[in-house]
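Input: a single structure, listed below in structure tokens.
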2 protein chains.
Amino acid sequence: MRLSKKERQQKLLEALEIEPFLTDEEMARRYHVSIQTIRLDRMELGIPELRGRIKDMAEKNFDRVRSLYPDEVIGEVTELTLDVGATSFLEICEEHVFTRNGIARGHHLFAQANSLAIAVVDAETALTATASLRFVRPVQLGEKCVAQARVTQQTGRTQVAVNTFVEEELVFQGVFDVYRAKEDE
Amino acid sequence: MRLSKKERQQKLLEALEIEPFLTDEEMARRYHVSIQTIRLDRMELGIPELRGRIKDMAEKNFDRVRSLYPDEVIGEVTELTLDVGATSFLEICEEHVFTRNGIARGHHLFAQANSLAIAVVDAETALTATASLRFVRPVQLGEKCVAQARVTQQTGRTQVAVNTFVEEELVFQGVFDVYRAKEDE
């Protein structure tokens, strides 16, 4: 059943609060309207398009990455508090999947999580020592992966837990032990 | 001390038996002669250059990869016996390292090991379920990584252990639990 425009715009606002990375395509599918209708809704509500929303979040929620150059993080970092936590976003494109079945290759999910685990560490040099990974379910072409890293231990080696979600479904988990070079090295 | 030509050529043959991926540059350094001298030695001994040696090994030691397209394996596969073991070779280039310190990024070592662990499985579809990784020591720009995968368990999930070496030094270890789709799926 189609919603009224007012109801739909209310739903849009609520949905974007929880899932800020929703694309126009997904919203159109979800509310049974055209992409053009969603664009008009966004304009009326003053909501920027996806790329703009990512940029806005990044500007609001950003410590400076220290341990690597920002463009060395795989995916787009949308939130970062050094030694606390970080979030990044990666859309699975053709280059990330197996030709045969359109399933994302494990090393891309690993790269998103591992580079985020490094980025969150407040040190000039941080390297992964060990990692335990769980590929919870295959990720398909076109899906959008949101990785959330949390620093869970800081004594001795730094431990970073990363959970990656597609919409609200867990698809990948990693626990990374990271060591940081001393500042005077 | 420089060796005689005969001694050097004997050493070359022995070294290449153990380390078939030695470059002319490395051999020249090791035996204190010019690269040109090594090339002449190889010609006299009938030893092809590195790329040719990789190709020869691949042709001699190759089952057909089933679970992915051969060009989806990261690194060059030089040996493969399905459900038994496999070896691949990856030279660390600019594109693999952190700009800041020239250290290979973890996800490239992971990609080499993980894609080899998938390639060795005798199934049309094989996916990584879990992985435990240990980055033993940082790998530098220009180093040549030889990954050796061995199938260690075949009941239920397939377990594949991968050890990656630079020359004879262990630099990375991974244990991968891989599940295979049933043939009739």
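Throughout, a chain's letter reflects where its sequence line sits, starting with A, and its residues are numbered from 1.
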Do B:F176 and A:L133 touch side chain to side chain, with heavy atoms closer than 4.5 Å?
no
Contact list for residues 114-138 of chain A, test ring-ring contact (aromatic ring centres under 6.0 Å, His included), sequence neighbours left out:
A:F135-A:F172
Would you say B:V175 ends up clustered with B:V146 if hydrophobic residues are merged whenever their side chains have heavy atoms under 4.5 Å apart, either directly or through other cluster members?
no
Let's test your reading of the structure: which of A:G174, A:A129, A:G106 forms the most heavy-atom pairs below 4.5 Å with chain B?
A:A129
Should B:V84 and B:I118 be regarded as members of a common hydrophobic cluster, given that ILVMFWY residues are connected when their side-chain heavy atoms come within less than 4.5 Å of each other, either directly or indirectly?
no
Is there a path of hydrophobic side-chain contacts, each under 4.5 Å between heavy atoms, that joins A:V33 and A:L22?
yes
Could you list each N or O donor-acceptor pair linking chain B to chain A at a distance under 3.5 Å?
unit_1, atom_1, unit_2, atom_2, d
B:R66, O, A:R100, NH1, 2.4
B:R66, O, A:R100, NH2, 3.3
B:E72, O, A:R105, NH1, 2.7
B:E72, O, A:R105, NH2, 2.6
B:E72, OE2, A:T99, N, 2.7
B:E72, OE2, A:T99, OG1, 2.7
B:T99, N, A:E72, OE2, 2.7
B:T99, OG1, A:E72, OE2, 2.8
B:R100, NH1, A:R66, O, 2.4
B:R100, NH1, A:E124, O, 3.1
B:R100, NH1, A:E124, OE1, 3.3
B:R100, NH2, A:R66, O, 3.3
B:R105, NH1, A:E72, O, 2.7
B:R105, NH2, A:E72, O, 2.6
B:E124, O, A:R100, NH1, 3.1
B:E124, OE1, A:R100, NH1, 3.3
B:A129, O, A:F135, N, 2.7
B:A131, N, A:L133, O, 3.0
B:A131, O, A:L133, N, 2.7
B:L133, N, A:A131, O, 2.7
B:L133, O, A:A131, N, 3.0
B:F135, N, A:A129, O, 2.7

Cluster link A:L109 to A:V136, ILVMFWY, side chain under 4.5 Å
no
Report yes or no: do A:M27 and A:I47 belong to one cluster of Ile/Leu/Val/Met/Phe/Trp/Tyr joined by side chain heavy-atom distances under 4.5 Å?
yes
